[in-house]
Number of protein chains: 2
Amino acid sequence: MTSVWTRPSRPAKSPALSRPQIVRAAVELLDAQGMDALSMRRLAARLGSGATSIYWHVANKDELLDLVLDEVFGEVPLPEPEASWREAASMFAYGLRATLFTHPWSVTLIGNRVTVGPNAVRLTARLLETFTGAGFQGQFLDRASSTLLAYVLGATTPEVAWRSMMADSGTNEHELFEAGREVMKQTARDHPELLARYADYEGKDATIVRALVFDFGLTCVLDGLEAHLRRSGASPSPFPAPEGGPPPGTDRPEGLKGAR
Amino acid sequence: MTSVWTRPSRPAKSPALSRPQIVRAAVELLDAQGMDALSMRRLAARLGSGATSIYWHVANKDELLDLVLDEVFGEVPLPEPEASWREAASMFAYGLRATLFTHPWSVTLIGNRVTVGPNAVRLTARLLETFTGAGFQGQFLDRASSTLLAYVLGATTPEVAWRSMMADSGTNEHELFEAGREVMKQTARDHPELLARYADYEGKDATIVRALVFDFGLTCVLDGLEAHLRRSGASPSPFPAPEGGPPPGTDRPEGLKGAR
DNA sequence: GAGTGGAATCGAACACTGTACGAGGGGCGC
DNA sequence: GCGCCCCTCGTACAGTGTTCGATTCCACTC
């Protein structure tokens with residue numbers, strides 16, 4: 001049983017190519033042109049080297065993708081330990097979402113591989129600390145952080161799919177909205193209530209709409225977690241949440257204030 | 001702007017090949033051998049036809065994948081309209097999870113394409129009905145169902161990654177657990193609390209553990225949704241949830257009873 | 001029945017993929 | 001100078017999605 005994470009990077013004196021360099025170039029290529037554009041030959045071209053030279057530093061493409069994915073996790077801002085747990089969890093959620101947006105291809109990767117790289121580990125460790133501070137204990141620590149992670153990942157996935165569909169069809173948000181209506185008219189003929197729902201978003205800024213959807217779900221998840229804490233009678237965090245929801249302005253990042 | 005869903009299937013009198021037949025064969029192939037094994041040539045071989053004949057019924061591989069994914073959504077059991085909304089939502093969540101498990105490759109597909117096939121549409125329509133019955137209104141209908149969907153998708157994704165990793169490394173759950181511990185020892189050296197968490201699962205049945213994690217998160221999401229209903233003072237569903245959580249046995253499917 | 005037109009199938013070919021292999025270069029310690 | 005080992009790279013192979021044009025086959029009209 002071997003893994004990228006056990007086998008050390010080749011000695012640091014590598015003259016022309018190095019593992020971190022390769023990974024960085026791969027991320028750049030992926031960001032610029034997407035998953036399909038990442039081939040060993042193209043990556044090598046960007047590095048100014050031969051295609052097969054890469055295989056000295058990395059066992060195969062799959063392993064390279066493992067490294068690349070962990071690089072993404074390294075960009076996710078760590079939750080602040082001194083904040084209230086709701087605030088820390090919120091910030092983490094928004095941070096992860098933002099990171100996945102800047103590297104849309106990473107969502108696909110997450111579905112294909114188990115993530116055990118150092119950056120991912122550090123992130124989950126911090127998440128556990130956060131929930132420990134909130135009052136979760138034992139297996140409930142994993143359950144709580146898994147729940148939060150699952151929500152963010154699952155909420156972001158379709159958003160990314162939308163964005164990348166826009167990107168490689170070359171259309172903008174509005175055109176796609178209209179096109180969607182056309183498809184709807186046919187495929188949702190038996191579901192008039194769906195068309196009504198669709199019409200509700202006419203002329204609205206899709207980015208804001210999606211952010212509100214995300215925020216609503218996040219609030220639900222956090223409320224649910226808080227309900228568990230109350231049920232289990234855990235000692236609360238140093239900043240107990242007041243009745244009727246979190247204090248205004250702590251949960252939502254700047255851009256969203258008053259955007260109801 | 002064209003799409004598979006607007007352009008009709010070729011006339012039904014197709015002698016040797018037909019679109020549904022192709023899709024069915026593709027699903028079988030994917031189930032048996034996974035995403036990498038699906039090539040047009042192999043698919044054609046399974047159909048007993050030439051590789052390029054498929055292109056008469058389907059524009060390209062991407063379009064085929066759209067069809068295949070919607071086929072998966074067709075297998076998800078629809079939420080029962082007459083059940084209480086919590087029960088309906090729970091059943092839907094477990095149903096979707098189970099379906100994604102029997103077609104692990106579909107998780108990858110969801111990350112890459114926007115899903116607007118007829119089966120997916122029917123499913124979301126039913127989901128909207130369910131939440132309408134629960135008392136959600138207007139845009140909160142979408143927000144609620146998006147939240148539930150996001151959680152299930154995000155929770156299932158890593159589980160699927162695990163399973164498929166087991167599948168194509170040929171190892172069983174226990175061996176992978178041990179191997180994971182080895183990797184942990186190195187990569188989580190700075191995070192001793194993580195190792196403690198890991199040790200907590202020694203000897204436990206991973207399938208049950210994961211099911212409990214899933215159930216916990218689902219309860220959180222449902223509790224959070226219910227909290228929103230209470231806050232907004234919505235008229236409750238015909239089966240109001242009693243204080244202190246749902247009645248025992250309605251939320252959890254059979255296999256999980258008393259497995260705490 | 002002969003003939004015709006379109007529906008459907010298919011083989012060959014193209015540009016591209018990941019990677020195994022082995023030949024080489026270049027800098028180091030002796 | 002010599003050998004050694006790290007590293008690079010060209011070549012080659014099997015396989016990919018898809019285009020194109022030729023071919024088959026069936027349902028129809030005369």
Side-chain angles (χ1 to χ4, degrees), chain A residues 2-4 7-26 29-30 32-69 105 108-109 112-113 168-169, chain B residues 2-4 7-26 29-30 32-69 105 108-109 112-113 168-169:
Chain A
T2 79
S3 148
V4 218
R7 185 175 56 268
S9 177
R10 295 287 178 170
K13 43 184 73 166
S14 326
L17 243 46
S18 73
R19 195 187 266 190
Q21 193 188 31
I22 293 173
V23 172
R24 218 178 316 128
L29 187 57
L30 284 166
Q33 319 215 195
M35 191 92 257
D36 291 344
L38 179 68
S39 78
M40 299 307 261
R41 282 177 246 262
R42 268 200 278 264
L43 177 57
R46 176 176 275 257
L47 287 162
S49 77
T52 57
S53 308
I54 299 173
Y55 285 89
W56 180 255
H57 305 271
V58 152
N60 49 36
K61 190 178 182 182
D62 232 53
E63 193 173 289
L64 172 62
L65 291 179
D66 281 336
L67 293 165
V68 157
L69 180 55
W105 39 268
T108 307
L109 290 183
N112 285 337
R113 59 205 70 239
D168 53 49
S169 78
Chain B
T2 78
S3 147
V4 217
R7 185 176 58 270
S9 178
R10 296 285 180 170
K13 44 185 71 168
S14 325
L17 244 46
S18 73
R19 194 186 266 188
Q21 192 188 32
I22 292 174
V23 172
R24 218 177 315 129
L29 188 57
L30 285 166
Q33 320 217 189
M35 191 91 254
D36 291 344
L38 179 67
S39 78
M40 299 307 262
R41 284 178 245 263
R42 268 202 277 264
L43 177 57
R46 176 176 276 258
L47 287 163
S49 76
T52 57
S53 308
I54 299 173
Y55 286 88
W56 179 254
H57 305 270
V58 154
N60 48 34
K61 191 179 181 180
D62 231 54
E63 193 173 290
L64 172 61
L65 292 178
D66 281 337
L67 293 165
V68 158
L69 180 55
W105 39 269
T108 307
L109 290 183
N112 285 337
R113 60 204 69 241
D168 54 46
S169 79

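To find a chain, count down the sequence lines: A is the first, B the second, and so on, and within it residues start at 1. Heavy atoms only: backbone and side chains are in, while hydrogens, waters and symmetry mates are out. Predicted model, so just to flag it, every value in this text is computed and none were measured.
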Could you run down nucleotides 10-23 of chain D 5' to 3' and tag each one B, S or - for protein heavy-atom contact under 4.0 Å?
-> BBB---BBBB----

Quick one, [X] and [Y] - any side-chain contact, counting heavy atoms below 4.5 Å?
| X | Y | result |
| --- | --- | --- |
| A:Leu38 | A:Val68 | no |
| B:Leu67 | B:Ile22 | no |
| A:Leu65 | A:Asn112 | no |

To check you understand the geometry: which heavy-atom pair defines the closest contact between [X] and [Y], and what is its length?
| X | Y | answer |
| --- | --- | --- |
| A:Ala51 | A:Ala44 | CA-CB, 3.4 Å |
| B:Arg113 | B:Leu69 | CG-CD2, 3.9 Å |
| A:Tyr55 | A:Asn60 | CE2-CA, 3.8 Å |

Can you check the [X] [atom1] to [N] [atom2] distance for me, whole Å?
| X | N | atom1 | atom2 | result |
| --- | --- | --- | --- | --- |
| A:Ile54 | C:dA20 | CD1 | C1' | 15 Å |
| A:Leu43 | C:dT19 | CG | P | 12 Å |
| A:Trp56 | C:dC21 | CH2 | C1' | 14 Å |
| A:Leu17 | D:dT8 | CG | P | 5 Å |

To the nearest 10 degrees, the angle between the two end axes of the helix from C:dG1-D:dC30 to C:dC30-D:dG1 (five pairs per end) comes to 10°

B:Arg46: side chain to side chain donor-acceptor pair (under 3.5 Å) partners, not counting sequence neighbours | B:Glu28

Quick one: side chain to side chain contact (heavy atoms under 4.5 Å, CB included) partners of A:Ala37, sequence neighbours excluded?
-> A:Gln33, A:Arg42

Contacts of type side chain to side chain contact (heavy atoms under 4.5 Å, CB included), residue A:Ser53, not counting sequence neighbours |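 Only A:Leu17, A:Ser49 meet the side chain to side chain contact (heavy atoms under 4.5 Å, CB included) criterion with A:Ser53.
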
Under-3.5 Å N/O pairs linking protein and nucleotides 24-26 of chain C:
none

Do any N or O atoms from the side chain of B:Arg19 and from the backbone of B:His57 form a donor-acceptor pair under 3.5 angstrom?
-> yes

Between atom CG of B:Leu109 and atom CG of B:Leu30, what is the distance when rounded to the nearest 0.5 Å?
-> 7.5 Å

Can you tell me if the side-chain N/O atoms of B:His57 get under 4.0 Å from OP1 or OP2 in C:dA7?
-> no

